[in-house]
Amino acid sequence: MLKQWIFISLMILGLAACAGRPTHYTVDPELRLPESFKTQDKTVLVNVIAPESTGQLGTQRIALAADNNFAESVKKGIVSGLINSGYKISANKHFSDVVMNFNFSELSVEIDPGVVKDELIVTGKLTLTMVKKPTTFNKSFTRRQTLTVAGQASEAEVTGMTNEVVGKLLAAALADPAVADFMQNNMK
């Protein structure tokens, strides 16, 4: 009888420990374009591919998904930055000087839960593809960031770290000299 009570108590503690962990994050990264991106009267089409939702990863690690439209939110930030740098935005590739595709399909946000601490793991890969017929430019950027928190991870911690990784991937891509060269050489 005592063993049953101990077992039931441990099960309740285990369930209570998992109850408060976030299952989603909100993406809304801040983006500032470098001076090399300043232009006038050039038209760009922007596409963003969202991460694939993976669900549960195994017995312990928990995969999280965006609770807002990842692609639309990131695209909004990129478009805003481009407009502030003098670009025009097009919805048609035939009326664009360059088509920019930002592929975040390999971004993962995970929690490795523990009894007294959680580890947040954000692993991101951004593949930037730019097309100006007949030329195509591809370059990938990666970033991995971990954070160990006492107790359970909060949604604010997960959201903050995810936005930081996404923002830094975008900043690295847009500040890359090869990207700036492609934009300058193909927007004439």
Drop me the distance from Thr135's OG1 to Asn185's CG, to the nearest 0.5 angstrom. 10.0 Å

Of all pairs that satisfy ring pair (Phe, Tyr, Trp, His ring centres under 6.0 Å), the ones with a partner from residues 122-148, not counting sequence neighbours: Phe137-Phe182

For Asp97 and Thr43, indicate whether the former's side chain and the latter's backbone hold a donor-acceptor pair under 3.5 Å. yes

Rounded at 0.5 Å granularity, tell me how far CE in Met183 sits from OH in Tyr87. 3.5 Å

Here the salt bridge (charged side-chain N to carboxylate O under 4.0 Å, His left out) pairs for residues 156-182, sequence neighbours left out, are Lys139-Asp176, Glu164-Lys168

For Ala153 and Pro22, which heavy atoms make the closest approach, and how far apart are they? O-CD, 3.1 Å

Give the minimum heavy-atom separation between Ser140 and Thr127, together with the two atoms involved. OG-OG1, 3.1 Å

Is Val131 linked to Leu174 within one hydrophobic cluster, defined over Ile, Leu, Val, Met, Phe, Trp and Tyr using a side-chain heavy-atom separation of less than 4.5 Å? no

Search all heavy atoms of Pro51 against all heavy atoms of Leu107 and return the closest pair with its distance. CB-O, 3.5 Å

According to a hydrophobic-cluster definition based on side-chain heavy atoms being under 4.5 Å apart (Ile, Leu, Val, Met, Phe, Trp, Tyr only), do Ile78 and Ile49 belong together? no

Distance, nearest 0.5 Å, that separates CE of Met161 from CG of Leu120: 5.0 Å

If a pair satisfies salt bridge (charged side-chain N to carboxylate O under 4.0 Å, His left out) and one of its residues is in residues 116-129, list it, with sequence neighbours excluded. Arg21-Asp118, Glu106-Lys125

Pairwise side chain to side chain donor-acceptor pair (under 3.5 Å) hits with a residue in residues 62-86, at least two apart: Thr26-Asp67

Might you point out which heavy atoms bring Pro113 and Ile62 nearest each other, and give the distance in Å? CG-CD1, 4.1 Å

Got a sec, which pairs hit salt bridge (charged side-chain N to carboxylate O under 4.0 Å, His left out) with one end in residues 140-154, sequence neighbours left out? none

CZ-CG distance between Arg32 and Leu170, expressed to the nearest 0.5 angstrom: 13.0 Å

Starting from Val158, can I reach Ile121 by hopping between I/L/V/M/F/W/Y residues whose side chains sit under 4.5 Å apart? no

Considering residues at least two apart in sequence or located in another chain, which fulfil the side-chain hydrogen bond (donor to acceptor under 3.5 Å, both in side chains) criterion with Ser105? Asn103

List the residues meeting side-chain hydrogen bond (donor to acceptor under 3.5 Å, both in side chains) with Thr148, not counting sequence neighbours, and say none if there are none. none

Sequence neighbours left out, what passes side-chain hydrogen bond (donor to acceptor under 3.5 Å, both in side chains) with Thr142? Give chain and number order. none

Looking at every heavy atom in both Gly77 and Leu31, which two are closest together, and how far apart are they? O-CD2, 3.8 Å

Enumerate the ring pair (Phe, Tyr, Trp, His ring centres under 6.0 Å) contacts for residues 162-181, please, sequence neighbours excluded, ordered by first and then second residue. none

Residues pairing under ring pair (Phe, Tyr, Trp, His ring centres under 6.0 Å) where one sits in residues 95-135, two or more places apart or in two chains, turn out to be Phe70-Phe104

All side-chain contact (heavy atoms from CB on, under 4.5 Å) counterparts of Leu45, not counting sequence neighbours: Asn47, Lys93, Ser96, Val99

